[in-house]
Structure formats: structure tokens, C-alpha cells
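In what follows, a single structure is set out as C-alpha cells and then discussed.
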Amino acid sequence: MNVELATPDFAAIKARQQAVWASGDYAVIGTTLQIVGETLCEAVDLRAGETVLDVAAGNGNATLAAARRFGRVTSTDYVPALLDRGRRRAAAEGAEVAFREADAEALPFPDASFDVVLSSFGVMFTPDQETAAREMARVLKPGGRIGLANWTPEGFIGQLFKLIGRHVAPPPGVKPPALWGTEARLRELFPGLRVSATPRQFQFRYRSAEHWLEVFRTWYGPTHRAFAALDAKGQAALTAEILDLLARVNRGGSTLLVPGDYLEAVIRKP
């Protein structure tokens with residue numbers, strides 16, 4: 001007997017995800033990841049004067065890194081509050097950046113508009129992965145580069161997502177975001193484009209495991225919403241499992257130093 005799986009309701013899922021990322025304040029976490037944006041711009045060999053699109057830009061790490069290299073940058077996200085944070089950061093640096101509210105799965109730009117398209121821990125969270133990838137490739141000029149930084153399935157954040165998923169079930173039918181952190185999946189998502197990928201690590205540096213948990217529970221949308229969805233018993237269980245994970249991966253001794261594996265990818269369009 002053949003059973004057809006229902007197509008996920010991407011619009012409803014996206015609306016819920018938008019609420020997740022609007023909760024807490026991702027900018028508190030995002031600012032600590034700035035070095036990834038800088039490294040990503042070096043990986044794509046960004047040149048002064050090139051047109052650059054930052055997709056699912058958050059509070060603008062890759063945006064600012066590209067602007068510091070004198071790219072002509074457009075920064076997009078579907079959470080207005082995060083774009084406001086990016087605007088404030090750009091204004092503080094005197095950087096010329098265009099900010100625009102936009103859905104990564106329906107980018108409001110003509111074909112072949114940009115020399116470089118970037119996303120740092122952003123586009124990987126779109127529910128319709130294939131559509132988001134097609135949109136990035138569509139707005140890229142021939143000969144242009146896509147630069148991505150994506151958490152890996154087996155790294156610290158990948159393990160955290162799996163742990164959270166055991167307590168709060170993810171939407172059915174939606175592929176795990178961390179698949180973007182595998183070269184094989186990127187080749188599926190970007191057929192006909194040349195993919196090169198390099199394993200990288202970001203070091204999470206916090207005062208203690210408890211400090212990390214306090215920050216992420218308060219400000220990081222997925223963790224914030226997961227705790228909010230649980231009763232007191234569930235919250236206690238999730239707390240215990242996260243602290244156990246942090247204890248296992250900590251390399252900092254009396255402080256917290258956790259390597260976060262991610263995949264840095266440069267994808268070239270013929």
C-alpha cells in the first residue's frame with residue numbers, strides 16, 4: 001500500500017519560525033559570531049565595488065564584513081527588529097548599506113542582480129530549502145559567488161538542535177537545517193554550480209555552562225521558544241540535558257570554551 005506524504009504547509013511553518021526568531025533577541029548572540037562574517041568575506045574573495053546580497057542577515061555580521069571591504073551591500077531579513085539592529089550597527093560604523101525586509105524563499109530582486117550572495121547561519125533555517133537555494137542562485141550573476149556558513153549536523157549546534165527536537169518536535173516534513181552544513185546536501189541544492197567547502201570552527205566563549213544557558217535561553221529564539229513550550233518538569237529535563245552536553249564538549253576547564261563546527265562553502269555560478 002502506497003502512502004503519499006502530505007506536502008508541508010511551508011507558509012504556516014515560516015510564520016511560526018518568524019515568530020521564533022523575533023522572540024528573545026538574536027542580536028545578543030549574533031554579535032558574538034562576527035568573526036564568521038569576516039572569514040566568509042575572505043573566502044569568497046570579496047572585491048571593493050562588487051554588489052553583495054546578505055540573505056537572512058540577522059543583525060548584519062556578513063553585511064558589515066562586506067561593507068568594511070567596500071562592497072555595495074543590500075542586507076535582508078524577514079524579521080524587522082533584526083534589520084533595525086543591523087541599521088544601528090552600520091550607522092555606528094558609518095557604513096553605507098541598503099536594508100530591505102525580504103523572505104529568503106522569495107527574494108524581491110531581478111535575476112542576475114548581485115556579484116556575491118552571502119548567508120551566515122541564516123538561510124539554513126528556511127523551511128523550503130530547495131526554493132531558498134534556487135532564489136540565491138537566481139539573483140546571482142554568471143561568474144558570481146555564493147558564500148555560506150552553516151552549522152554541521154554533528155557539531156555542537158547540530159547536537160543542540162537534535163537535543164531540543166527530542167523535547168519539542170520540529171515541524172513534520174521539514175528537513176533539518178544542519179543538512180546545509182554538509183557538502184553533499186549543498187551539491188543537491190545547487191545543481192550545475194561548483195561547490196567547494198571547508199570545515200571551520202567557531203569558539204563559544206562564556207563564563208560557565210550556566211552562563212551559556214542563561215544567555216541562550218533568554219535571547220536565542222529556538223532555545224527561548226523551546227523552554228517556553230515546556231512545563232516546569234520539561235524545562236528541568238531540557239536544562240539537565242543541555243548542561244550535560246556542555247560538560248561533554250567543554251574544552252575550557254573552569255570557564256566555557258566549546259568548539260562549534262560549521263561548514264564554510266563557496267559556490268560558483270558558471
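Source: prediction; values computed, not measured.
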Between [X] and [Y], is there a side-chain N and carboxylate O pair less than 4.0 Å apart?
X	Y	answer
E183	R194	no
D244	R248	yes
E210	R217	no
E50	R145	yes

| said: Please evaluate residues W180 and T126 with respect to the criterion side chain to side chain contact (heavy atoms under 4.5 Å, CB included), reporting the C-alpha separation (whole Å), side-chain torsions for both, the decisive distance (0.1 Å), and the verdict. | reply: CA-CA 10 Å; W180 283 78; T126 54; 4.3 Å; yes

| remark: Taken in chain and number order and not counting sequence neighbours, the residues that satisfy side-chain hydrogen bond (donor to acceptor under 3.5 Å, both in side chains) with N59 are T31

In the structure I gave you, are the side-chain heavy atoms of [X] and [Y] within less than 4.5 Å of one another anywhere?
X	Y	result
Y26	W219	no
L246	F204	no
F190	L148	yes

| said: Checking E130 against K175 for the salt bridge (charged side-chain N to carboxylate O under 4.0 Å, His left out) test, could you report, in this order, the C-alpha distance in whole Å, the side-chain angles of both residues, the deciding distance, and whether it holds? | reply: CA-CA 10 Å; E130 286 78 8; K175 295 181 177 70; 3.6 Å; yes

| said: Show, in sequence, the C-alpha distance, side-chain angles and deciding distance for K269 and M136, and conclude whether the side chain to side chain contact (heavy atoms under 4.5 Å, CB included) test is met. | reply: CA-CA 11 Å; K269 186 176 184 178; M136 296 182 84; over 6 Å; no

Spacing of [X] atom [atom1] and [Y] atom [atom2] [to the nearest 0.5 Å]:
X	Y	atom1	atom2	result
D128	E105	CG	CD	5.0 Å
F99	L83	CZ	CG	7.0 Å
H224	T218	NE2	OG1	8.0 Å
I242	Q159	CD1	CD	12.5 Å
T63	R68	OG1	CZ	10.5 Å
I35	F202	CD1	CZ	7.5 Å

Does [X] belong to the same Ile/Leu/Val/Met/Phe/Trp/Tyr cluster as [Y], with side-chain heavy atoms less than 4.5 Å apart forming each link?
X	Y	result
L263	V266	no
Y78	V174	no
F10	V79	no
L82	V73	no
Y262	V195	yes

| query | Within a reach of under 6.0 Å around CD of E96, are more than 12 heavy atoms found that belong to other residues, nucleotides or ligands? | reply | no

[X] side chain vs [Y] backbone, donor-acceptor pair below 3.5 Å:
X	Y	value
R72	G49	yes
R251	V249	yes
S196	A265	no
Q34	N61	yes
Q235	L230	yes
D261	E154	no

So, for [X] and [Y], which heavy atoms are closest and what is the spacing to 0.1 Å?
X	Y	value
P153	K162	O-NZ, 3.3 Å
T152	G181	CG2-O, 3.6 Å
A67	V97	CB-CG2, 3.9 Å

| query | Of T255, L256, L257, which is the lone residue that meets side-chain contact (heavy atoms from CB on, under 4.5 Å) with R205? | reply | L257

Review item, side-chain donor-acceptor pairs of residues 106-125, under 3.5 Å, at least two apart:
unit_1, atom_1, unit_2, atom_2, d
D111, OD1, R138, NH1, 2.8
S113, OG, P110, O, 2.6
D115, OD1, K141, NZ, 3.4
D115, OD2, T51, N, 2.8
D115, OD2, T51, OG1, 2.9
S119, OG, V55, O, 2.8
S119, OG, V123, N, 2.8

| field | Aromatic ring pairing W212/F216, orientation class (parallel under 30°, perpendicular over 60°, tilted between) | value | parallel

| query | Would F161 and F156 satisfy side chain to side chain contact (heavy atoms under 4.5 Å, CB included), going step by step from the backbone distance to the final call? | reply | CA-CA 9 Å; F161 290 154; F156 167 59; over 6 Å; no

| task | Could you go through the side chain to side chain contact (heavy atoms under 4.5 Å, CB included) check for Q129 and E188 one step at a time? | result | CA-CA 10 Å; Q129 297 184 0; E188 291 176 354; over 6 Å; no

